[in-house]
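A short write-up of the structure that comes next.
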2 protein chains.
Amino acid sequence: MSEHDKVDKYPSMTIGDNENNKRVVEKATIGVQLKAIRTENKLTLEEASKRTGLARSTLSKIENEQISPTFSVMQKLASGLNIELPQLFTKPKETKVTGRRDVTLNGQGRPHATLTYEHELLSTQLRNKKMMPYKSRVHARNFDHFGEWVRHEGEEFLLVLEGEVQLLTEFYEPATLVVGDSAYYDATMGHLVISTSK
Amino acid sequence: MSEHDKVDKYPSMTIGDNENNKRVVEKATIGVQLKAIRTENKLTLEEASKRTGLARSTLSKIENEQISPTFSVMQKLASGLNIELPQLFTKPKETKVTGRRDVTLNGQGRPHATLTYEHELLSTQLRNKKMMPYKSRVHARNFDHFGEWVRHEGEEFLLVLEGEVQLLTEFYEPATLVVGDSAYYDATMGHLVISTSK
DNA sequence: AAATAAAGTTTCCTATAGGAAACTTTTATT
DNA sequence: AATAAAAGTTTCCTATAGGAAACTTTATTT
């Protein structure tokens with residue numbers, strides 16, 4: 001292997017440069033990550049070797065991006081160094097909303113109407129939030145307005161701001177909620193909110 | 001390779017059974033995961049092969065846990081199948097609140113008072129929620145009640161139910177919020193809420 | 001600043017991953 | 001139910017990962 005080869009073996013390894021031409025911008029930094037984790041823990045290659053059961057040389061090569069470790073090696077790394085697997089290739093988490101906030105004054109949210117609901121989406125300036133807050137006015141007055149359960153990934157929390165609604169969910173009896181009442185539920189279970197106000 | 005070998009190659013591969021005797025309970029299911037993802041997307045091995053740029057045979061062997069894919073292969077999988085890398089070895093998230101809900105009537109939450117806030121924790125019956133909803137009455141009337149910024153992991157959404165408060169955050173001017181106003185912010189950035197009601 | 005020790009890298013070899021093609025099994029079609 | 005087509009598996013080979021030991025570099029001690 002020539003000197004040039006060594007340096008360029010995994011040059012900047014752009015992920016997914018496959019025939020479909022799907023290109024992912026992120027770089028493969030498993031070596032860099034590993035070295036960072038090891039040095040932060042003040043471990044030598046020898047010590048890391050003992051903990052992971054991997055050869056000193058193997059660790060060195062991974063750190064210098066000379067080889068692409070197998071999944072089983074990655075598992076030994078995570079286990080031996082007491083970290084979660086994704087830490088090996090995920091840069092220290094940067095929340096997408098890092099250092100940002102978004103204030104939405106009453107009634108200034110982005111409107112979004114459907115047949116059954118009138119939503120006011122809140123904090124729409126912030127992208128990639130973990131929560132999607134919104135205020136809703138409920139029009140639906142019975143199950144038939146929907147036809148079937150609403151289901152989707154994630155969890156929902158609701159708080160009644162005015163009037164009276166019924167929360168219908170699979171497996172449970174309907175719950176009548178008035179101002180100040182709230183509920184939290186798994187959204188993969190069928191759910192609906194209907195209005196029982198006048 | 002004997003029939004027995006084939007079956008047991010990666011028998012139930014308990015991770016991290018290394019000399020430090022650190023034992024991780026989780027199983028290595030990258031093959032199972034991959035197969036699940038592929039079939040859910042109604043892809044044949046051939047199609048998956050085209051998308052990822054990997055050989056049909058390689059995919060088959062990975063799915064049957066006959067080989068341990070290298071990191072670079074895992075990247076091609078994630079990229080080609082349009083998934084996040086950790087999805088390959090993390091079982092489809094089973095929310096801890098699966099199939100459950102928790103209704104909290106007004107004033108029936110669990111009280112939790114501090115010097116500066118009077119909290120009413122909501123939906124405390126459900127454990128391991130992704131969100132922690134609560135109503136708070138704010139006592140603090142200036143920064144000095146705290147001494148320094150509040151900081152923690154995650155994101156916060158707040159909605160004013162009555163009175164008037166000021167939201168103080170690093171990097172931003174204070175925001176005055178009245179009933180119906182809301183805000184969303186990164187909680188790792190210093191933040192405080194103080195009361196400006198009478 | 002030599003000598004020694006410790007940490008890290010490279011080489012060389014063996015084991016295993018990944019690809020091409022043959023083979024087997026399953027599904028669809030007549 | 002026989003045939004064809006499609007999907008999946010296995011074989012066989014080549015390329016590359018991983019381990020042992022030699023080698024180089026960096027830090028430490030005298």
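Atom set for the values below is all heavy atoms of this structure, side chains included, hydrogens, waters and symmetry mates excluded. Just so we're on the same page: letters track the sequence lines, and every chain starts at 1.
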For E173(B), what residues pass the salt bridge (Lys or Arg N to Asp or Glu O under 4.0 Å) criterion, not counting sequence neighbours? none

Can you find a side-chain donor-acceptor pair between S136(B) and H119(B) that sits under 3.5 Å? yes

Under 3.5 Å, is there a donor-acceptor pair linking the side chains of T188(A) and R151(A)? no

State whether R38(B) places a side-chain N or O below 4.0 Å from either non-bridging phosphate oxygen (OP1 or OP2) of dG8(D). yes

Measure NZ/K35(A) against P/dG8(C) and give the value in whole Å, please. 7 Å

Which part of the nucleic acid, if any, lies within contact of T44(A), taking any heavy atom under 4.0 Å across all strands shown: a base, the sugar-phosphate backbone alone, or nothing? sugar-phosphate

Find every protein N or O atom lying less than 3.5 Å from an N or O atom of nucleotides 18-20 of chain D, and list the pairs.
residue : atom : partner : partner atom : Å
dG18(D) : OP1  : T70(A)  : N            : 3.0
dG18(D) : OP1  : T70(A)  : OG1          : 3.0
dG19(D) : OP2  : A55(A)  : N            : 3.1
dG19(D) : OP2  : T58(A)  : OG1          : 2.7
dG19(D) : N7   : S57(A)  : OG           : 3.4
dG19(D) : O6   : K61(A)  : NZ           : 2.6
dA20(D) : N6   : S57(A)  : OG           : 3.0

Does the plane of the ring in H191(B) sit parallel, tilted or perpendicular to the ring in H152(B)? Use 30° and 60° as the thresholds. perpendicular

Hey, are E120(B) and Y134(B) close enough side-chain-wise for a donor-acceptor pair under 3.5 Å? no

Between dA22(D) atom P and R56(A) atom CZ, what is the distance in whole Å? 11 Å

Taken to the nearest whole Å, CD/E65(A) to C1'/dT10(C) is 17 Å

Given dT9(C), is OP1 or OP2 found less than 4.0 Å from the side-chain N or O atoms of Q66(A)? no

Among all residues two or more places apart in sequence or in another chain, which pass the salt bridge (Lys or Arg N to Asp or Glu O under 4.0 Å) test with E63(B)? R38(B)

